[in-house]
Amino acid sequence: MKFSLGMVLALCLAGLQFLAVSIVVFSSYLTSEKVLLAHARDLLSDVGTNTIEHSKGFLTPARGAVELATRLAENQVIASDDPELLEKLLFQQLQISPQFAGVFYGDEDGNFVYVMRSDGPGPFRSKIIRRDGTGRETDLIWRDDSHRIVEASTDPGDTYDPRTRLWYQEAREKLGSIWTEPYIFFTSQKPGITAASPVFDGNGAVQGVVGVDIGIDAISDFLSHLQIGENGTALILNRNGDVIAYPNQDLLRAQNPDGTFRFANIEEIDDPVAQAAFGNLSRQGT
């Protein structure tokens, strides 16, 4: 079969056109891919920065409140050995700081005053542990917004000792303000973080530790309102792979065999994308 010169030229021209179109399409694909990847990186960077700044602003007031309560106790503006007076001060601190889950003070003898938010029978609940040489007494008091008692009871079976808690031991050991690692709160069984600071007596000895609990469920609520594309999700991880904040708060807790709770690990979260992106953190132990 013979090809005329015109047919050969037509075939060559078609081939050149196909090659040119292929180069243009491939080049456009690479350019578009780079633009999309750059846009995705910018979006992730903006979301990360926004989340970090929101978290900082959310946590910063706790340190100020702890330092204030510490100075008041050390300068005898309040008497740390007067639980009723101390409870009232902590109640006022909690009222003006909506991000605080609870404010407390524990001393070297195991006495403890704790004011926390409550689901009922009153919006605030106080726990006061008094110790003497013969035993202990634990009072539970629910109050309304005006500090009036709604309900009160005693808990003879309570075994809580502030001196055994990590926030107390770390603040006492470091002799300065500390932040704990995120953990599940003893009373509410909700995830949170604690800022604590030691209180010194006139001789420079530690007489107790004052602290503030901050529930981090509000950070998860903030993450749930972030718009990251159609299917994007923001989350906050600890260095060990535990998920600290996640839009679906129900997935944050995992139950231990003894019935207590802990943070769920990234590999336990029902989110394939998050597992694919960050699941190697827990396996690497970083």
Side-chain angles (χ1 to χ4, degrees), residues 55 59 62 100-104 106 110 112 114-121 125-129 131 135-136 138 140 142 153-174 178-196 209 211-224 233-286:
S55 301
L59 297 173
F100 294 174
V103 191
F104 52 86
F112 186 60
Y114 180 39
V115 183
M116 61 174 284
R117 302 190 188 279
S118 174
D119 295 328
R125 194 199 77 162
S126 298
K127 179 175 184 176
I128 302 176
I129 300 176
R131 290 178 181 268
R136 58 179 285 156
T138 301
L140 302 177
W142 285 265
S153 64
T154 60
D155 185 2
D158 180 72
T159 60
Y160 185 86
D161 189 336
R163 297 168 296 183
T164 66
R165 307 303 294 175
L166 186 60
W167 53 266
Y168 192 100
Q169 294 173 349
E170 286 189 0
R172 195 183 191 289
E173 178 184 351
K174 295 182 179 179
I178 60 99
W179 286 100
T180 65
E181 289 288 327
Y183 68 105
I184 304 296
F185 291 148
F186 178 87
T187 301
S188 66
Q189 287 296 292
K190 293 181 179 180
I193 190 170
T194 296
V209 173
V212 173
D213 286 339
I214 297 183
I216 54 180
D217 51 347
I219 301 179
S220 293
D221 183 63
F222 165 74
L223 296 181
S224 69
T233 299
L235 67 158
I236 299 176
L237 297 180
N238 202 350
R239 287 185 292 268
N240 62 2
D242 287 348
V243 183
I244 305 305
Y246 187 76
N248 186 350
Q249 299 179 38
D250 294 335
L251 300 180
L252 284 178
R253 296 193 308 173
Q255 191 168 17
N256 294 315
D258 61 0
T260 59
F261 291 92
R262 58 177 173 81
F263 282 102
N265 192 269
I266 181 62
E267 295 185 345
E268 299 173 303
I269 292 290
D270 186 19
D271 187 332
V273 176
Q275 289 185 9
F278 303 108
N280 63 324
L281 289 177
S282 59
R283 291 190 291 271
Q284 294 174 355
T286 58

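- At a threshold of 4.0 Å, the pair D155-K127 does not count as salt-bridged, since none of the basic side-chain nitrogens sits closer than that to a carboxylate oxygen.
- Smallest separation of non-hydrogen atoms from T138 and I129: OG1-CG1, 3.8 Å.
- Between A101 and F185, the shortest heavy-atom contact is CB-CE1, 4.2 Å.
- D213 and R117 are not joined by a salt bridge, as no carboxylate oxygen comes within less than 4.0 angstrom of a charged side-chain nitrogen.
- Note that CD1 of I193 and OH of Y183 are 9.0 Å apart. Values are rounded to the nearest 0.5 Å.
- V209 approaches A171 most closely through the heavy-atom pair CG1-CB, 3.9 Å.
- The heavy-atom pair separating V115 from S126 by the smallest distance is CG2-OG, 3.6 Å.
- Here R262 does not pair with D242 in a salt bridge; the nearest charged N to carboxylate O distance is not below 4.0 Å.
- Residue D158 comes nearest to R136 through the heavy atom pair OD2-NH2, 2.6 Å, listed as atom of the first residue, atom of the second, then distance.
- Across W179 and E170, no two heavy atoms sit closer than the pair O-OE1, 4.0 Å.
- Remark: side-chain polar atoms of R131 are paired, donor with acceptor, to backbone N or O of G110 under 3.5 angstrom.
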Q: Any chance you could lay out the side chain to side chain contact (heavy atoms under 4.5 Å, CB included) test for W167 and F104, step after step, and finish with the verdict?
A: CA-CA 11 Å; W167 53 266; F104 52 86; 3.5 Å; yes

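- Distance CZ/R125 to CG/D119: 11.0 Å, rounded to 0.5 Å.
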